[in-house]
Amino acid sequence: MKIAICDDSMKDLILLEGLLEAYKQLNPNTDFQVEKFSNSSTLCEKIRNKELADIYILDILMSQTTGIDLGNEIRKNSKESAIIYITSSDDFALDAFHIHAVRYLLKPVQEQQFFEALDFAFSYAELKKGPMYPIKTKSGLQSVSCSRIEYVENSSRMLNVHLTDGSVITSIFIRKSFEEELGELLHNSCFLQVHKSFLINLNYVKKLDGSSVIMNSGINIPVSKKNTANVKRQYLLFVAGQYQ
C-alpha cells in the first residue's frame, strides 16, 4: 500500500508521520510506504500524472491547492483511493462527503480516531482493488491488483509484470504458453493481447499509433501486423464504453 500525506504545516506533517509509524508498530503485518508533501501543488501534479497512492491523508486548509481541490483531482483519476481529511474546521464536511472521503477528522488528531480511520481506509482500499493476479516468483507467490498492472511482457520465458508505479515483478521460468500463464487477465475487459509477447491494460494507453501502442509510462509496445485492426477496434470500443 502507498500512503500520501499532505499538510503545509511541518509540525502537523511530522505528527501524522509519527502516528503512521505508531500504527505500523501495532500492526506489523500491515505493509505500507509513506510519501510526505508539504506543498499541495506538488502532490496535485503527481495525481494528474496518475502517480497515485492507495490512501491519501489530506489537510483541507492549505495556502496553495486545498484538500478539497486535491480530492476532486484524485476522484478524476481514481475511484479506488481512500481519502482521509484532517482539518481545523468542520466547515468542509459536506464537500468531503461529496468526494466520498472515508473519514473527516478534526485537529488536534486523536490517536484512537486516527487508527480507526486507517483501519477503515485499508479495508476500503483492499475492497476497491478488485481482482488480483498471482505471479510465481523466486521468493514465492506474489499477488498484485489487476488495476495496478500497466502491461505484461513475455521475455526469455519469464513474465515481466510492469506496474503503474514503475516497478516490475518478474516471474520464474514459465513452462506453459504465454496465454495460459496470463489466465484470467485474458478474460478481463481491461486487458488486450496486442502481440505474441505483450498484454496491455487499456486503462493506461496514452496513444494508439498504427503499429504500436504508447502507454502512460511512455513505453512503446509493438502491435503485431495481423492484430492491428482488431487492436484498434477493441481500443475504440473500450474508450466508448468509458463514457456510457
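Just so you know, residue 1 is the first one in the sequence shown, and it goes up from there. If you're wondering where the values come from, they're calculated on a predicted model, not measured in any experiment.
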Check: Q110 side chain, P108 main-chain N or O, donor-acceptor pair, under 3.5 Å: yes
Residues N160, T170; criterion side-chain hydrogen bond (donor to acceptor under 3.5 Å, both in side chains); working and verdict: CA-CA 5 Å; N160 289 322; T170 301; 2.9 Å; yes
Atom pairs and distances, donor-acceptor, side-chain atoms in residues 204-216, under 3.5 Å, two or more places apart:
residue : atom : partner : partner atom : Å
Y204    : OH   : S147    : O            : 2.5
S212    : OG   : N220    : OD1          : 3.1

Would you be so kind as to tabulate the donor-acceptor pairs closer than 3.5 Å made by side chains of residues 230-238, with sequence neighbours excluded?
residue : atom : partner : partner atom : Å
N230    : OD1  : R233    : NH2          : 3.0
N230    : ND2  : N227    : OD1          : 3.4

Audit row: S177, E180, side-chain hydrogen bond (donor to acceptor under 3.5 Å, both in side chains) steps and yes/no: CA-CA 5 Å; S177 68; E180 287 178 295; 3.2 Å; yes
Non-hydrogen atoms of L61 and S88 that approach each other most closely: CD1-OG, 3.9 Å
T87 side chain to S89 backbone, donor-acceptor under 3.5 Å: yes
Side-chain touch I174/L159, heavy atoms, less than 4.5 angstrom: yes
Pairs where residues 149-176 contributes a residue and the test salt bridge (Lys or Arg N to Asp or Glu O under 4.0 Å) is met, not counting sequence neighbours: R148-D165
By side-chain contact (heavy atoms from CB on, under 4.5 Å) - contacts of R75 (at least two apart): S81, I83, I99, H100, Y124
Criterion side-chain hydrogen bond (donor to acceptor under 3.5 Å, both in side chains) on T137 and S139, from CA distance to verdict: CA-CA 5 Å; T137 71; S139 58; 3.2 Å; yes
Listed once per pair and sorted, the ring-ring contact (aromatic ring centres under 6.0 Å, His included) pairs that draw on residues 65-98, sequence neighbours left out: none
Any side-chain heavy-atom pair of V223 and H195 under 4.5 Å: no
Within-4.5 Å side-chain heavy-atom neighbours: D8 and S38: no
Side chains of L163 and I149 in contact at under 4.5 Å (non-hydrogen atoms): yes
L58 side chain reached by L43 side chain, heavy atoms, under 4.5 Å: yes
Pairwise salt bridge (Lys or Arg N to Asp or Glu O under 4.0 Å) hits with a residue in residues 97-106, at least two apart: R103-E116
Connected-component partners of I172 among ILVMFWY, side-chain separation under 4.5 Å: none
ring-ring contact (aromatic ring centres under 6.0 Å, His included) contacts in which one or both residues fall within residues 9-41, not counting sequence neighbours: Y23-F115, Y23-F122, F32-F122
Pair K2 + D31: basic N to acidic O under 4.0 Å: no
Co-members of the apolar cluster containing V168 [side chain, <4.5 Å]: none
Heavy-atom side-chain contact between K24 and P28 under 4.5 Å: no
By side chain to side chain donor-acceptor pair (under 3.5 Å) - contacts of Q64 (at least two apart): N39
D7/K36 ion pair, N-O < 4.0 Å: no
Qualifying ring-ring contact (aromatic ring centres under 6.0 Å, His included) pairs with a residue from residues 39-82, counting only residues at least two apart or across chains: none
Close side-chain approach of L16 and V34, heavy atoms under 4.5 Å: no
Under 3.5 Å donor-acceptor, S9 side chain and D12 backbone: yes
Close side-chain approach of F120 and L118, heavy atoms under 4.5 Å: no
For L105 against F114, the heavy-atom pair lying closest together: CD1-CA, 4.0 Å
Pair listing, ring-ring contact (aromatic ring centres under 6.0 Å, His included) test, anchored in residues 134-189, at least two apart: Y151-H162
